[in-house]
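Each remark here refers to the structure printed beneath this line.
FYI, the numbering just counts along the sequence from 1.
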Amino acid sequence: MEKRWVKASVCNDDTVTKITEALNIDRSLAQILVQRNICSFEEAKDFFRPDLNHLHNPFLMKDMDVAIQRIDDALASHEKILIYGDYDVDGTTSVALTFSFFSQLTENIEYYIPDRYLEGYGISTAGIDYAHKNGFTLIIALDCGIKSVDKIDYANQLGIDFIICDHHLPGAELPAAVAVLDPKREDCDYPFKELAGCGIGFKLAQAYSEKHHLPKENFLQYLDLVMISIAADIVPIVGENRILAYYGLKKLNTNPCEGLRALMEVSGKKENYTIMDVVFTLGPRINAAGRIDHAKHAVAMLLCQEDGNALEQSEIINLKNTERKAFDQDITREALALIGDSEVLINKKTTVVFNENWHKGVIGIVASRLTETYYRPTIVLTKSNGHVAGSCRSVIGFDLYEALSGCSHLLDQYGGHKFAAGLTMQEHNVDAFADKFEEIVSASITSEQLTPMIKIDAEIELSQIDGKFYRILAQMGPFGPENLAPVFVTHQVYLGKPAMTVGANHLKINIKQQNSPIFEGIAFGLAEFQNLLQPKVPFSVCYTIEENVWREKRRLQLNIKGIKVN
């Protein structure tokens with residue numbers, strides 16, 4: 001599917017000039033900073049030099065003081081504490097961090113991860129019953145719970161207190177927990193609203209450490225776990241998240257916890273991790289434990305203190321990831337065939353597909369794959385525990401959660417955010433839901449939102465790219481949502497030598513301009529352009545700039561996102 005090339009909005013020239021001169025950098029880089037609302041020397045300094053001292057006071061979060069007091073009371077009276085978390089990467093890293101931190105202070109502590117298939121997402125009755133049966137009187141719930149009003153009422157009846165640490169949007173009513181830590185609460189004045197669930201657990205550990213004057217290392221040692229959650233949960237890498245991601249990456253690449261070190265070993269990539277490496281290498285492996293078997297294996301790996309145990313656990317998880325890939329590929333192939341064989345499905349503005357035999361653990365991945373192919377709001381449904389479960393993905397600029405809200409009368413449960421969500425319903429509602437979802441989306445989605453887009457940050461000449469340009473560019477990372485790697489466009493480029501296809505559908509090209517060096521480029525999924533690119537015929541490219549490290553040799557490479565033949 002051809003993508004639109006959309007240039008970023010024009011910046012104030014005077015502000016760009018001011019930043020260019022103050023920082024002594026290329027004007028195109030200054031333009032990118034201004035586009036990202038970095039408009040003064042001081043703002044640029046904070047951006048280029050993330051500082052842990054700029055983390056917000058955790059007690060600015062509503063209910064944090066209440067949460068810490070309740071934990072103090074539990075520790076003083078030797079109560080049993082249960083750390084409860086979701087089964088995805090954010091949930092398992094949250095549990096590993098919080099359990100590890102508080103187990104330094106008490107032995108009366110365990111962790112609990114719900115079974116994806118038997119209990120489903122969020123706080124479960126089975127989890128509360130487990131706590132009651134085993135004498136736990138305080139549950140700290142991470143990355144879930146903000147909508148579990150009835151479950152918290154049930155726990156209260158059993159004499160079990162809850163501290164909820166969540167980052168999802170609250171519903172109309174907050175659960176009656178002892179403390180509800182969620183920056184998205186309307187009455188919460190915490191300055192940064194986009195922490196991941198593990199980030200909330202980190203702030204809880206920070207608050208406890210600060211109140212009790214514990215060394216900062218007591219909570220900073222978990223920065224690699226926080227960074228993993230930020231990367232995998234696709235939260236904005238700006239503000240406090242960028243500081244946490246920056247130092248978390250540094251820790252991952254120098255002194256990771258034993259579990260992550262072992263996982264890096266078995267994944268085949270041991271060093272020089274970026275956020276995208278985490279997203280595509282470590283995140284899927286941690287997620288695979290809960291998708292294929294049980295997420296407690298991921299937590300066990302992350303808590304390992306010894307090399308041998310960590311390696312053993314990581315090998316188990318790596319094997320689960322291999323199984324996950326096979327399910328993923330098979331179901332994606334079946335789903336694409338289902339759409340391809342139906343003219344009705346092909347011509348819709350949404351994709352809703354259902355097969356009761358599909359593996360629930362991978363339908364989210366399949367939904368992402370289908371969105372890549374057809375680029376429209378997508379829901380993949382399967383049968384689970386007597387009801388239908390679904391995983392939903394959206395496209396840039398379209399609010400999926402709002403569309404689901406319009407179908408809520410057909411759903412048993414739903415939750416998530418603008419771009420990704422989950423749901424459950426009764427099987428007899430599937431067809432009615434598919435029709436209603438199509439109706440709501442069709443009434444509001446634009447043709448632009450249904451066409452994939454490449455957002456271009458700046459137009460440059462190849463001659464502008466040198467070592468200094470790249471070093472400054474690299475300092476704009478870590479890259480991720482709301483701080484994406486800048487995309488450049490260059491016109492009137494020529495082949496340095498004939499293009500060649502590599503792998504299944506990729507293109508390797510060398511490009512140049514008059515008075516520029518030759519740059520190597522890799523264009524993933526763009527092999528169709530091989531015969532269109534001819535010597536001495538100019539074309540345009542948009543791309544990101546990367547450093548390719550091979551056998552300790554470093555060279556700049558263009559990751560080409562789009563090609564247009566002039």
Residues forming a ring-ring contact (aromatic ring centres under 6.0 Å, His included) with [X], sequence neighbours excluded:
X: Tyr87; value: none
X: Tyr222; value: none
X: Phe47; value: none
X: Tyr273; value: none

Would you check if the side chain of Lys270 reaches a backbone N or O of Glu265 as a donor-acceptor pair within less than 3.5 Å?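 Side chain of Lys270 to backbone of Glu265: no pair is present.
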Glu528: salt bridge (Lys or Arg N to Asp or Glu O under 4.0 Å) partners, not counting sequence neighbours: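 Salt bridge (Lys or Arg N to Asp or Glu O under 4.0 Å) check on Glu528 returns nothing, list empty.
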Pairs meeting criterion side chain to side chain donor-acceptor pair (under 3.5 Å) with involvement of [range], two or more places apart:
range: residues 476-493; result: Arg36-Asn483, Thr490-Tyr543, His491-Ser540, Gln492-Asn566
range: residues 493-503; result: Thr501-Gln530
range: residues 502-517; result: Glu461-Gln513

Taking side-chain contact (heavy atoms from CB on, under 4.5 Å) as the definition, give me every residue that meets it alongside Asn37, ordered by chain and number, with sequence neighbours left out.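 With neighbours one apart ignored, the set is empty.
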Please name all residues satisfying side-chain contact (heavy atoms from CB on, under 4.5 Å) with Glu343, sequence neighbours left out, ordered by chain then number.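 Per chain and number, Glu343 pairs via side-chain contact (heavy atoms from CB on, under 4.5 Å) with Asn347.
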According to side chain to side chain donor-acceptor pair (under 3.5 Å), who are the partners of Thr544, at least two apart in sequence or on a separate chain?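 For Thr544 there are no side chain to side chain donor-acceptor pair (under 3.5 Å) partners, ignoring immediate neighbours.
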Anything under 3.5 Å between a donor and an acceptor, one on a side chain of residues 244-251, the other on a protein residue two or more places apart or in another chain? List them.
{"from": "Tyr247", "atom 1": "OH", "to": "Pro50", "atom 2": "O", "distance (Å)": "2.6"}
{"from": "Lys251", "atom 1": "NZ", "to": "Gln221", "atom 2": "O", "distance (Å)": "3.4"}
{"from": "Lys251", "atom 1": "NZ", "to": "Asp224", "atom 2": "OD2", "distance (Å)": "3.2"}
{"from": "Lys251", "atom 1": "NZ", "to": "Asn255", "atom 2": "O", "distance (Å)": "2.8"}

